[in-house]
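Structure first, then comments.
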Amino acid sequence: MSGPARREPRRLTRWWRRRSLRTRLTVISATAIAVSVFLAFQVASELLDRELRGTVEEQLRADSRVLAADAERAGPARVRLPPYAGGGRLVRVVLSDGSVRTPAGQPPLPPVSEQAGRVARGLSADLMESDDSDEDGYLVFTLRAGDGAVQVARAADDTPVNRFGFGMLLIGLLCVAGGAVVGRAVARTGLTPIDRLTAAAVRVAHTRDLDAGIPDEGGGEIRRLIQSINEMLAALRDSRRAQRLLAEDAAHELKTPLTSLRLNVELLIRLDRRGTLDSALPAESRTRLLDDLGAQVAELGTLVAELTDLARGDVSDENTELLDLADVVGAAATRARSRVPDIEVALDVTSVWVSGRPAALERAVLNLIDNAGKWSPADRPVQVRLRAEGASAVLEVDDAGPGIDAADVPRVFDRFYRADSARALPGSGLGLSIVQRVVDAHGGRVTVARSARGGALLRVGLPAAAPPAPVARPTAGEGTTVA
């Protein structure tokens, strides 16, 4: 296909796509009516033509029987043929030798066909034939009479069909015009809820007012669409509310370490400018102040990292993969020991496979160990156990600390929540909230209880997965060299 021929349908497609839905519905309605009228015209014309032809044929047969009766009595060669008086009927007598007799003044008929000659010779009883080769076509009926045949013919008249076609054309045009008007009205009426929905959506986009729901009107698909958009607005409201709360909480939590950090730095700068840094701050005090600054910076960095993890929620670029949770727990324990050398972690883990994001799961396990390490005495290790229970992988982290008060249990996974007894300890109150987010994203559940050692027991249940099938190694007998 040539380039211009390919571009033409594309232009039509682009033109059609640029039309409004109302215009499309109007064009479709008018086109459907036009096609229906055309098909109706074709069928009606065919039926009318058959009906008229059948009537003419019956009339020709009746006239031919009358003429044949006269020819039987007087003989074809002597039957009286009155002069042509005009009108649509034409007659002719065909003798057995092929000669013909016609009334005086009658217009000529087409030559006698071979089939009509066979009727005149007695080889056939009757014959209906038509000659539509030109505008003066005839419908001719030949009937055997005596030793010849008689023919009665009528000129083909398409006037009734043409008049009918013209009438159908006018009706079709009116129907198309009416269909376009009706289609436009139906489209306008049917799309009124869509217009209101569009206006409401534009209003929400301009005002940023997510609390302004869209009125639930219409039915069927329109109602489901409005309900879906209202659900989307509700989800956006919840998301924006969560972002606002996160920003407010973050500002509140960042204020304290930033204020302490700023005061200490300003003190150092002021003493340095006065040249009294060494005299005002002895070596021991200066070392303690610098240690405090380092701790505050570390605390601030941890808080920012946890805020980032919490703000991301379930969204992560990390792919889900099949992994052994025992490896994740071991890696988290190693990181916990490197971060806090004084912490002691006792592992009792078995291989349990899960489907998840390794970094997110390691972060959650690390937060659990860090939280337990804050409370567990130096001579009492944090115990980490991993086992399979039915279709679940169960991870337990417990400490030998004072445990969690019953009043604090319902809020232990809330963001920034810290029990009164934990105010003096480092931390932001985000660790366990991040744990719950990660566990929820993996389809699991995290709970808190009292440990048998008197401390807190945090229990994580995750859906277990079937371990990967072992990869069969090729043997030397299979044509592979084994090193």
Side-chain angles (χ1 to χ4, degrees), residues 34-173:
V35 171
S36 300
V37 171
F38 175 76
L39 294 177
F41 166 72
Q42 292 294 327
V43 174
S45 297
E46 183 67 23
L47 293 176
L48 179 62
D49 184 65
R50 290 185 180 182
E51 185 66 24
L52 293 175
R53 184 184 178 92
T55 302
V56 172
E57 288 181 354
E58 289 298 325
Q59 186 63 45
L60 291 178
R61 287 188 174 92
D63 293 344
S64 64
R65 283 195 291 270
V66 174
L67 183 58
D70 294 341
E72 289 282 353
R73 286 193 297 269
R78 294 184 297 275
V79 65
R80 180 175 174 275
L81 299 176
Y84 180 68
R89 193 187 74 160
L90 304 176
V91 298
R92 181 169 59 185
V93 177
V94 182
L95 303 179
S96 58
D97 58 2
S99 59
V100 297
R101 294 180 57 214
T102 58
Q106 178 178 280
L109 285 170
V112 178
S113 65
E114 180 179 352
Q115 291 82 0
R118 291 171 57 83
V119 175
R121 292 193 298 272
L123 301 178
S124 181
D126 55 27
L127 173 67
M128 182 70 72
E129 56 186 343
S130 61
D131 179 16
D132 298 331
S133 59
D134 52 27
E135 294 182 357
D136 297 329
Y138 289 93
L139 186 63
V140 182
F141 182 71
T142 306
L143 181 63
R144 173 72 176 171
D147 55 355
V150 296
Q151 287 185 325
V152 180
R154 281 187 179 273
D157 186 8
D158 295 333
T159 301
V161 177
N162 293 335
R163 290 177 178 173
F164 174 76
F166 182 72
M168 288 292 293
L169 177 61
L170 293 179
I171 294 174
L173 292 176

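Worth saying up front: this structure is predicted, and the values here are computed from it rather than measured. Throughout, numbering of the chain's residues begins at 1 and tracks the sequence.
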Does any N or O in the side chain of [X] come within less than 3.5 Å of the main-chain N or O of [Y], such that one atom is a donor and the other an acceptor?
X    : Y    : answer
R78  : R80  : no
S64  : L60  : yes
R154 : Y138 : no

Could you tell me if the side chain of [Y] sits less than 4.5 Å from the side chain of [X], heavy atoms only?
X    : Y    : answer
L109 : T102 : no
V119 : Q151 : no
V112 : R92  : yes
D147 : P76  : yes
Q59  : R89  : no
L67  : L81  : yes
R65  : L143 : yes

Nearest 0.5 Å, please: how far is CZ in R144 from CG in L127?
13.5 Å
Taking all non-hydrogen atoms of both residues, which atom of P82 and which atom of P103 are closest, and how far apart?
O-CB, 3.0 Å
Smallest heavy-atom separation, A77 atom then L95 atom, equals N-CD2, 3.8 Å
Can you establish whether the number of heavy atoms outside E51 located under 6.0 Å from its atom CD is more than 12?
no
Hey, is E57 close enough to R53 for a salt bridge, meaning N to O under 4.0 Å?
yes
Run the side chain to side chain contact (heavy atoms under 4.5 Å, CB included) check on V94 and T142 step by step: do they pass?
CA-CA 9 Å; V94 182; T142 306; 5.7 Å; no
Could you check R118 against E114 for salt bridge (Lys or Arg N to Asp or Glu O under 4.0 Å), going step by step and ending with a plain yes or no?
CA-CA 6 Å; R118 291 171 57 83; E114 180 179 352; 5.9 Å; no
Applying side-chain hydrogen bond (donor to acceptor under 3.5 Å, both in side chains), can you list everything that pairs with R121, at least two apart in sequence or on another chain?
none
